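Notes follow the structure.
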Amino acid sequence: MNLAAMSPTHRTRRTPFTDGVEGAGVSAYTVYNRMLLPAAFESPEADYRHLKTHVQVWDVSCERQVELRGPDAGRLMQLLTPRDLRGMLPGQCYYVPVVDETGGMLNDPVALKIAEDHWWISIADSDLLLWVKGIAWAMRLDVLVSEPDVSPLAVQGPKADALMARVFGDGISAVRFFRFGWFEFQDTWMIIARSGYSKQGGFEIYVPDTALGMPLWNALMEAGTDLQVRAGCPNYIERTEGGLLSFGSDMTAENTPFECGLGKFCHMNAAITCIGRDALLRVERDGPTRQIRPIEIPGDPVGRCAHHWPLMADGEKVGRVSSAAYSPDFKTNVGIGMVRMTHWKPGTRLTVETPEGAREAIVKAAFWA
Ligand code: THG
């Protein structure tokens, strides 16, 4: 699919890098936070192999920032998440569940603490800005909530350090996982974190001005020719192998963080101001009755899991598969499922109803990568 097939409108936003993405021959787009997100270039399998071998530049502008600025920014942040933020220092990134008053997942963003009174929430695909603005207004907080002109550009893959050092200097290698530093490009300082939606390692550059988008894109492409740098995008096969969750697919507001395996980020006795705390205290005490599990579907490649596939045991629905793909490296179909506690023990054999028929599915102990 290209833009001609997608029918361009103002409601589906282009990004600072869309010219580069189109020049690189994007072959499929999806829409995320009402913005274009490339989904494939050569093919999912070819993109997967290239990502695991070389280095890619990803237009992930759709990971929009919800900016909190003002004396109550930290207080607002701790209302939004059950993760304990008290020990978080400026320069750190935290993966944080954001929940509603029932404990349901509203988003699973990366939070960046820039200063005590300045935070970015790098959001997954839901309109978190509206929730955050509503809370700030209703509680009369002294904080400005906005969506700034900041667009993440990810550099992912085993050669990411080498490429980034050429454009931003050797200081880049000192940035630790889920930390960020400030780096200069064309006289503008920008935040670069060691993070990203793959298990291959790399960085996310928070490009602070649309006008810098294509100059930076071109600089990375030119600096990495001999590293075989290419345009890429979050890869469905690679992220499923690694168990990286996709909000809206693998979990929704119907699920608590405990069901999503994010209980380790719920500190119910520390984050006492979190909206939804009472509900989460109940699920923490009783334990979830279903949970995200790695699911293997042995045998021939399955098709793309665009809609949930029922997981069955003895003719009864005991869960669903939300992501599945054939893994070239593990030579089996890897999947992400939500499984009832009666059937979530590793090794449990189930049946999954795919559009092409029923297949055997096995609950695994751990994700593949
Ligand atoms: N980077 C940034 N913003 C984002 C994403 C990102 N916003 C949307 C989406 N991705 C949010 N979801 C995730 C999911 C997983 C991770 C990050 C964001 C992730 N998880 C690691 C893991 O599971 O191995 C590490 C989590 C941890 O231990 O803290 O990176 O990718 N800017």
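Remember, predicted model here, so these are calculated numbers, not experimental data. Counting starts at 1 for both ligands and their atoms, following the listed order. Heavy atoms only: backbone and side chains are in, while hydrogens, waters and symmetry mates are out.
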Q: Using ring pair (Phe, Tyr, Trp, His ring centres under 6.0 Å) as the criterion, list what pairs up with Tyr206, not counting sequence neighbours.
A: Trp120
Q) Is there a ring pair (Phe, Tyr, Trp, His ring centres under 6.0 Å) between Phe265 and Tyr95 once you walk through the steps? A) CA-CA 8 Å; Phe265 301 127; Tyr95 183 38; 5.7 Å; yes
Q.
If I take atom CZ from residue Arg320 and atom CH2 from residue Trp309, how far apart are they, to the nearest 0.5 angstrom?
A. 13.5 Å
Q. When you look at CD of Glu184, are more than 12 heavy atoms from neighbouring residues, nucleotides or ligands closer to it than 6.0 Å?
A. yes
Q) Does Phe247 come within less than 4.0 angstrom of ligand 1, counting non-hydrogen atoms of the residue? A) no
Q.
As an exercise, identify every atom of ligand 1 less than 4.0 angstrom from a heavy atom of Phe178.
A. 29 (O), 30 (O)
Q: Give a yes or no on whether a salt bridge exists between Arg14 and Glu22, defined as a side-chain N under 4.0 angstrom from a carboxylate O.
A: yes
Q. Is there a heavy atom in Gly196 that sits closer than 4.0 Å to ligand 1?
A. yes
Q: Could you pull out, from Leu244, Leu245, Ile121, the option with a heavy atom nearest to atom 21 (C) of ligand 1?
A: Leu244
Q | Nitrogen or oxygen of Arg83 less than 3.5 angstrom from that of ligand 1 | A | no
**Q.** For ligand 1, the portion of Asp108 having any non-hydrogen atom under 4.0 Å away
**A.** both
Q) Among Lys199, Lys264, Arg239, Arg64, whose heavy atom sits nearest atom 24 (O) of ligand 1? A) Lys199
Q: Starting from atom 1 (N) of ligand 1, locate the nearest protein heavy atom and write down its residue, its atom name and how far away it is, to 0.1 Å.
A: Glu204 OE2, 2.8 Å
**Q.** Whichever hydrophobic residues join Tyr197 through chains of side-chain contacts under 4.5 Å
**A.** Tyr32, Leu37, Leu51, Trp58, Val60, Leu244
Q | Which segment of Trp58 sits under 4.0 Å of ligand 1 when only heavy atoms are counted | A | neither
Q) Mind checking whether Tyr32 has an N or O less than 3.5 Å away from an N or O of ligand 1? A) no
Q | Cationic N near anionic O, under 4.0 Å, Glu238 to Arg49 | A | no
Q. Of the backbone atoms (N, CA, C, O) and the side-chain heavy atoms from C-beta on, which set of Ile123 has a member under 4.0 Å from an atom of ligand 1: side chain, backbone, both, or neither?
A. backbone
Q.
Is the ring pair Phe168/Phe183 parallel, tilted or perpendicular, if the boundaries are 30 and 60 degrees?
A. perpendicular
Q | Which of the ligand 1 atoms, numbered from 1, are nearer than 4.0 Å to a heavy atom of Tyr206 | A | 32 (N)
